[in-house]
2 protein chains.
Amino acid sequence: MIQLHDKVYTCPVDVTLGFIGGKWKLLILSHLHQFERKNYSQIKSNLPGVSEKMLSQQLKELERDKLIEKEVLSLKPYRVEYMLSAYGKALSPVYEVMSSWGISYLKHNGIDYMKDQELYK
Amino acid sequence: MIQLHDKVYTCPVDVTLGFIGGKWKLLILSHLHQFERKNYSQIKSNLPGVSEKMLSQQLKELERDKLIEKEVLSLKPYRVEYMLSAYGKALSPVYEVMSSWGISYLKHNGIDYMKDQELYK
DNA sequence: AATATACCTTACCAAAAAGTAGGCTGGAGA
DNA sequence: TCTCCAGCCTACTTTTTGGTAAGGTATATT
């Protein structure tokens, strides 16, 4: 049992899960892993189905927890770019293994993601 | 967009998340990764806070999805052991990276999990 | 005979997470 | 001037998830 920030965790994996759990965070992180840096709208269109509420909420939490960084490109027209921080990059194997596991699962189910992915856009 | 089993996924990571998402599944998997094979009660005591409902539900789903395997040791007194399947083992880097990420996060917050872990039992 | 332990299941309820819908600023382009 | 897009935020509602409590079988232990 680990106590931290008024919460109790059963093990280190549980601690990590506290930061990247939920429906959207790992998706955001792995997209930033794939594409390096992206602005708000680009992330939004990469994650079909995300609502703006969810996206800005999750981005804010990821930023607060130092998994991603936001660079403000301009203020007058407010423009930003998001990218993985060193902490976020340390989880790269997670994004990669989960991605290839998913791809091979799809392959076993007759879906060749690598070949078909342009069809899904 | 990927369509599979009446659901829509945004990418392969999302597909994988469909199998290991939620509060308990990754914890169960990483415990089985650490300890090789365990019976129901051992898993239960390794996951403080899990209810029997959640545990048997999640074990059942993980088994259905072929991430773990159950060996029935005896029927008359019903005794079983759970272990990772090949599919479950393919995610090992996920368990390991998430665990070491958690440990280093704790270290940065003044908790030396490796040193202190016997204290928490 | 009573209790304890392993291994579950089910019905019901509460909390957390996520979705909907709207609104707001400040350019840029027609 | 009107509309569009980037980049958000907030109130409200719904869905999903997880928790509680109880029940149930079979065997071993005291």
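Below, chain A is the first sequence line, B the second, and so on; all start at residue 1. Computed from a predicted structure; not experimentally measured.
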Met54(A), nearest nucleotide to its side chain (from dG27(C), dG7(D), dA18(C)): dA18(C)
Nearest non-hydrogen partners of Tyr95(B) and Ser30(B), listed with the distance: CB-CB, 3.8 Å
Touch class at under 4.0 angstrom, heavy-atom based, for Tyr78(A) against every strand present: sugar-phosphate
Close aromatic pair by centroid cut-off 6.0 Å: Phe19(B) and Tyr105(A): yes
Candidate nucleotides dG19(D), dC7(C), dA6(D), ranked by approach to the side chain of Lys53(B) - the nearest: dG19(D)
Short side-chain to backbone donor-acceptor contact, Asn39(A) and Ser41(A), under 3.5 Å: yes
Ile43(A) CD1 - dA6(D) P separation (whole Å): 13 Å
Length of the line joining Gln57(A):CD and dC9(D):P, which is rounded to integer Å: 10 Å
Presence of Lys60(B) side-chain N/O under 4.0 Å of dT9(C) phosphate oxygens OP1/OP2: yes
Among dG19(C), dG27(C), dG19(D), the nucleotide that comes nearest once only the side chain of Pro77(A) is considered: dG27(C)
Any Ser56(B) side-chain N or O less than 4.0 Å from OP1/OP2 of dC7(C): no
d(CD, Gln42(B); P, dA6(C)) in whole Å: 9 Å
Rounded distance in Å - CG (Leu59(B)) to C1' (dG18(D)): 15 Å
Short side-chain donor-acceptor distance under 3.5 Å, His31(A) and Gln42(A): no
Earlier contact from the 5' end, DNA chain D, for Tyr82(A) and Leu75(B): Tyr82(A)
Whole-Å distance separating the CG atom of Leu73(B) from the P atom of dA6(C): 14 Å
N or O in side chain of Ser41(A) less than 4.0 angstrom from dC5(D) OP1/OP2: no
Atom-to-atom span, CG of Leu55(A) to P of dT10(D) - whole angstrom: 16 Å
Closest-nucleotide 5' rank along DNA chain C - winner of Arg79(A) and Gly22(A): Gly22(A)
Interatomic distance, Tyr40(A) OH vs dG26(C) P [rounded to whole Å]: 18 Å
Sugar-phosphate, base or nothing in reach of Lys25(A), heavy atoms under 4.0 Å: nothing
Touch class at under 4.0 angstrom, heavy-atom based, for Ser51(B) against every strand present: base
Whether over 12 other heavy atoms sit under 6.0 Å from Lys25(B) NZ: yes
side-chain N/O Lys70(B) vs dC8(C) OP1/OP2, d < 4.0 Å: yes
Short side-chain to backbone donor-acceptor contact, Ser56(B) and Glu52(B), under 3.5 Å: yes
Among dC8(C), dG18(D), dA18(C), the one nearest Gln58(B) by side-chain distance: dG18(D)
Lys44(A) NZ to dC9(D) P, straight-line distance once rounded to whole Å: 14 Å
Shortest side-chain distance from Asn39(A), nucleotide among dG7(D), dC7(C), dG18(D): dG7(D)
